[in-house]
Amino acid sequence: MDQIIDLVYKLDWSPLWTSLKTGAVAAAVSFFLGIFAARCAMGASGVKKAVLDGMLTLPMVLPPTAVGFFLLLLFGRYRPLGRFLYEYCGIRVVQSWTGCILAAVVIAFPLMYRNARAAFEQVDRNLVYAGRTLGMTETAIFFKVVIPCAAPGLASGTVLAFARAMGEYGATSMLAGNIPGKTATISQKIAMVIQDGDHLTAGALAAAAAGIAFVLIVLLNLLAGRARKQVKRW
């Protein structure tokens, strides 16, 4: 027991902090992008909708390392887009926390998008028609009717996006690298210490990550339950 307590005090927790920051930012960005993309997809039809949905979902089915490779092709220092961002905007993507966030957003976004789209599709269309009858604009209907009704699904998507971004490994490693205290995430740290045979440290980090994820999921599930009750009363 004393050995475990001593390990907790001496352990470098910066990878966990980096993962939490990355997961929070990526989940927030994915939340707004996912809602916007889901609304655009709902407005499309036929082949256009199928192609758009395929493009938005593609990062979810590709190997993370393949996603990281494509991101390197786009944002590499000597690639047109990467060079433009670095020389004219002062933004360095590769081997930076910006790249860490970008990789996490690309990987987590499809989960938010799919959940948001499913939630929007389950909204009772009669409520939308009632809003139109009352003279509400489409924007007002979306924010005052559709969003509240879809809140449980949006909360679930946010949880999944955060969990996926926090645990991202492949794309983040390729784009952002493994810089201690900057881009090194808990997934990378666990992999490294396991290779070194330090299973005790790996277990401590994994337990901490699992505990945080469990608490957040329970909290957001409670919030989603309250949202369902509010929608039913409304």
Side-chain angles (χ1 to χ4, degrees), residues 20-62 67 74 81 89 91 98 101-168 212-234:
L20 286 172
K21 290 192 298 181
T22 302
V25 175
V29 174
S30 298
F31 176 81
F32 293 104
L33 290 180
I35 291 177
F36 175 77
R39 187 183 184 189
C40 292
M42 290 289 291
S45 60
V47 177
K48 182 179 178 181
K49 183 175 183 179
V51 172
L52 179 61
D53 183 75
M55 292 175 60
L56 296 174
T57 309
L58 190 60
M60 186 170 65
V61 296
L62 281 176
V67 176
L74 286 173
L81 182 56
C89 302
I91 299 175
T98 301
I101 295 174
L102 177 62
V105 168
V106 172
I107 293 296
F109 163 79
L111 292 171
M112 184 65 215
Y113 159 72
R114 299 292 298 187
N115 276 268
R117 180 183 163 187
F120 292 160
E121 289 176 346
Q122 293 175 2
V123 173
D124 189 352
R125 300 304 299 177
N126 290 326
L127 297 176
V128 177
Y129 299 146
R132 290 172 180 170
T133 302
L134 294 173
M136 297 175 64
T137 64
E138 293 298 320
T139 302
I141 292 173
F142 180 74
F143 284 104
K144 294 183 179 181
V145 177
V146 177
I147 290 292
C149 291
L154 298 179
S156 299
T158 305
V159 171
L160 292 174
F162 174 81
R164 185 66 186 87
M166 183 178 171
E168 166 52 23
I212 292 173
F214 178 76
V215 169
L216 289 174
I217 289 173
V218 171
L219 176 61
L220 288 175
N221 280 338
L222 292 175
L223 294 175
R226 290 182 60 183
R228 290 191 186 95
K229 292 178 180 179
Q230 290 176 357
V231 169
K232 288 181 180 178
R233 286 198 299 267
W234 185 79

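Since this is a predicted model, take the numbers as computed values, not measurements.
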- Heavy atoms of T158 and A27 approach each other most closely as O-CB, 4.3 Å

- Note on the structure: Sorted by chain and number, sequence neighbours left out, side chain to side chain contact (heavy atoms under 4.5 Å, CB included) with F36 holds for C40

- Query: Say you draw a straight line from CG of L160 to CZ of R114; how long is it, rounded to the nearest 0.5 Å?
  - Reply: 13.0 Å

- Supply the atom-to-atom distance L33 CG to M112 CE, rounded to the nearest 0.5 angstrom. 10.0 Å

- Query: Any chance NZ of K49 has more than 12 other-residue heavy atoms, nucleotides or ligands included, within less than 6.0 Å?
  - Reply: yes

- Item | Where R39 and F120 come nearest, the two heavy atoms and their spacing | N-CE1, 4.2 Å

- Quick one: pull up CG in L111 and CZ in R164 and give me the separation to the nearest 0.5 Å. 7.5 Å

- Query: What are the two closest heavy atoms between G34 and A116, and how far apart are they?
  - Reply: O-CB, 4.1 Å

- Message: Are V29 and F109 packed together at the side-chain level, in the sense that at least one heavy-atom pair is separated by less than 4.5 angstrom?
- Response: no

- Query: Which atom names give the shortest non-hydrogen contact between Y113 and D53, and what distance separates them?
  - Reply: OH-OD1, 2.6 Å

- Do you know which of N115, V159, I147 makes side chain to side chain contact (heavy atoms under 4.5 Å, CB included) with L154? I147

- Gap between atom CD of E121 and atom CE of M42 - 0.5 Å precision: 5.0 Å

- Message: Less than 4.5 Å apart, side chain to side chain, heavy atoms only: is that true for F162 and L20?
- Response: yes

- Query: If you measure from CZ on F142 to CD1 on I35, what distance do you get to the nearest 0.5 Å?
  - Reply: 6.0 Å

- Message: Using the side-chain hydrogen bond (donor to acceptor under 3.5 Å, both in side chains) criterion, which residues pair with T22? Sequence neighbours excluded.
- Response: W97

- Are any of the side-chain heavy atoms of V145 and M136 separated by less than 4.5 Å? yes

